[in-house]
Amino acid sequence: MFATNHVEAAISAEADAPPLKSMNIVDVLSANKIYADGTEALAPVNLSIAPGEFLTLIGPSGCGKSTLLKLVANLIEPTDGRLQWWRGGFDQVGGEGRRLAFVFQDPTLMPWSRIAGNVSLPLDLAGVPRSRSGPRVAAALKRVGLEGFENRYPRQLSGGMRMRVSIARALVTDPDLLLMDEPFGALDEFTRNKLDSDLLTLWWERKLTCVFVTHSIYEAVFLSTRVVVMAARPGRVHRVMEIDEPQPRGDAFRNSARFADLCRQLSSWLADASLPSSVTAAS
Amino acid sequence: MKPLMQSERFVRFAAPLIVGAILVGGWEFACRHWQVPVFLFPKPSDIANSLMGDAPTLLAALWVTMRITFQAFFCAVVLGTLIAFVFVQSRFLEISLFPYAVLLQVTPVVAVAPLIIILVKNTQAALTVCATLVALFPMISNTTIGLRSVDQGLANLFRMNRAGRTATLLRLRIPSALPFFFAGLRISSGLALIGAVVAEFVAGTGGRGSGLAYEILQSGFQLDIPRMFAALFLIALAGVSLFLLMAWLSKLALGGWHESEVARES
Ligand SMILES: Nc1ncnc2c1ncn2[C@@H]1O[C@H](COP(=O)(O)OP(=O)(O)OP(=O)(O)O)[C@@H](O)[C@H]1O
Ligand SMILES: [Mg+2]
């Protein structure tokens, strides 16, 4: 009984109620997405991303998680509604303190380029000279534990290593907002846990803001300060869970009773969200 | 024996050579055994003799054919790549022009060669034009497909990093197109040789500056069959050398990273 109360206390039913410490990084203002073939991938969604939070999107397959993330990355435009980045248009993204990086579901590396070339791509495209990008590439690779692999080709690395290269490439620009679409989905449990811990440390140390998509309940609970559960047909926000477990989180948290309770709660919400005729809590 | 047979490099060279030796040996033996007359089907040794005896004329003819081949191949690569770039820049241009590229491809060169030879005064130039027409299409279609087959994830990545048109072309489109481009080179180099030989046949020009096709025609008239085979042998040799050259270039460019050129890991 205690445990249940504990969980309930950590839950907020509002999708857009982050603590108003400072300016939101992204505001999704009743943005929806209907693809050219008529699929309503996303019903109008309201969501704010506050600085320093680790926000996770979870939900059944096809509920529009990737669509929402692409909207936030401005890779696609909303059919209706709009988005704000740092209270303005997308054109201010990329400036000092307003950098954005995206980690795709696949490593998405250039096979013709060595690891160093792949990681330095964002800097090269921004016109940073080699003399200044070199140390930054080395530092980014070190951060993901791949120092010494600069001159390998992507095909010479394992799947997990390629994914880490992809993360190093995202980190090399020193982003303020990091978007990740199921980055560890294809990895084994053990590697995933390791990368999750590394990512969490990185997020904490560098005061990043992360938006993370996953299918794993454990991953969501372990990493997030806030979990958004989405439902499908059309894609929408079903429920929101705030997790105020203090940092740094480690194996102690993973093995705690609280962790198990949160997972159970999230799991039952996810089951609701997967029902064909689920009703959004907010409506 | 076993480690040698398992060595990939040894097998690659030795196996085709052994097959060749068996074929040539069998051929020589069969001709001698049944005493086939030279003007019907010459022995390999007759062909070798003829090749040695007529070496100066035949090599001069080979040089002429190869020059036309290389000129045509060069034109096909440059033109084909340029046209592919144009196609990729504008969907409208591709839709309007692609049917004509296909038209070029399906029209047999033997049929258009006489017209070109009449239109172009200089015979060498006319032959080069014919051979170029034959070799052009694979370059256009392969390079176009290559420039289009860009990984969507990488395209998104470039877009997110606000890469300009030039940067995207140089860093993404061209490297993605390279494997297709080199596949085009292999096909096109062989076709340039075929085009050159076929055009020479149609032109039938004699005198100085005639190529291997003319030597074959001439040998046919004179019933000098070994010489005919010798000329044929040189054409085949040229074709194989071209192919190997292209394969080597491809390995040089893609060896480090592309699946097709990476040695199979064991
Ligand atoms: N380019 C597209 N054109 C048309 N429909 C699309 C397109 N991309 C996605 N959809 C549709 O939109 C819906 C949401 O897709 P989305 O990729 O956002 O789901 P998701 O939540 O990321 O799913 P998953 O967990 O399987 O990755 C799906 O029904 C999908 O079929
Ligand atoms: Mg997805």
Side-chain angles (χ1 to χ4, degrees), chain A residues 66 69-77 85 90-95 99-115 117-128 133 151-158 162-163 165-166 169-170 172-173 175 177-179 181-183, chain B residues 8 81 84-85 88 91 142-143 145-185 246-266:
Chain A
S66 299
L69 205 62
K70 283 182 198 154
L71 281 172
V72 171
N74 200 37
L75 282 172
I76 55 175
E77 302 245 308
W85 292 266
F90 191 76
D91 46 338
Q92 19 172 359
V93 174
R99 277 190 264 272
L100 182 154
F102 201 115
V103 177
F104 302 94
Q105 188 161 357
D106 316 303
T108 322
L109 304 177
M110 301 179 288
W112 55 84
S113 187
R114 291 171 199 274
I115 299 309
N118 268 292
V119 174
S120 73
L121 179 76
L123 300 177
D124 295 345
L125 289 176
V128 177
S133 68
N151 286 322
R152 303 286 191 92
Y153 282 102
R155 54 165 206 90
Q156 294 170 309
L157 303 189
S158 73
R162 282 182 215 168
M163 211 57 233
V165 174
S166 175
R169 179 180 59 196
V172 81
T173 54
L177 176 61
L178 183 58
L179 310 174
D181 193 353
E182 294 188 50
Chain B
E8 165 95 15
T81 309
F85 272 104
V88 173
R91 190 86 206 162
N142 272 42
T143 312
I145 292 175
L147 288 171
R148 284 205 191 293
S149 65
V150 167
D151 180 272
Q152 271 314 301
L154 282 175
N156 274 341
L157 180 73
F158 273 69
R159 208 138 48 80
M160 284 204 51
N161 284 290
R162 296 163 190 253
R165 226 179 151 88
T166 334
T168 309
L169 187 72
L170 290 178
R171 289 173 179 276
L172 182 59
R173 275 189 191 273
I174 290 181
S176 308
L178 278 185
F180 295 84
F181 175 78
F182 278 102
L185 282 192
M246 293 308 129
W248 178 73
L249 278 179
S250 167
K251 192 161 183 76
L252 212 63
L254 311 177
W257 62 273
H258 196 252
E259 305 293 345
S260 67
E261 296 291 358
V262 170
R264 204 156 290 143
E265 288 124 60
S266 48

Looking only at heavy atoms, what is the nearest atom pair of B:Arg171 and A:Met110, with distance?
-> O-SD, 4.2 Å
Contacting region of B:Thr168 [heavy-atom separation from chain A under 4.5 Å] | neither
Do the non-hydrogen side-chain atoms of A:Phe104 and B:Gln152 ever get within less than 4.5 Å of each other?
-> no
Among the listed options A:Val93, A:Thr173, A:Leu125, A:Asn74, the residue most often paired with chain B at heavy-atom distances under 4.5 Å = A:Leu125
Contact part of B:Arg162 toward chain A, heavy-atom cut-off under 4.5 Å: side chain, backbone, both or neither?
-> side chain
Side chain, backbone, both or neither of B:Asp151 within contact of chain A (heavy atoms, under 4.5 Å) | side chain
Are the side chains of B:Trp257 and A:Ser113 in touch, meaning some heavy atoms are under 4.5 Å apart?
-> no
Taking all heavy atoms of A:Leu75 and all of B:Met160, pick out the closest pair and write down the distance.
-> CD2-CG, 3.5 Å
Evaluate whether atom CD of A:Gln92 has more than 12 neighbouring non-hydrogen atoms of other residues, nucleotides or ligands under 6.0 angstrom away.
-> yes
Heavy-atom distances under 4.5 Å only: say whether A:Arg169 touches chain B with side chain, backbone, both or neither.
-> side chain
Of the backbone (N, CA, C, O) and the side chain (C-beta and beyond), which part of A:Phe102 lies under 4.5 Å from a heavy atom of chain B, both, or neither?
-> both
Top of A:Asp106, A:Thr108, A:Leu109 for chain B proximity - count of heavy-atom pairs under 4.5 angstrom | A:Thr108
Where on B:Leu178 is there a heavy atom nearer than 4.5 Å to chain A: the side chain, the backbone, both, or neither?
-> neither
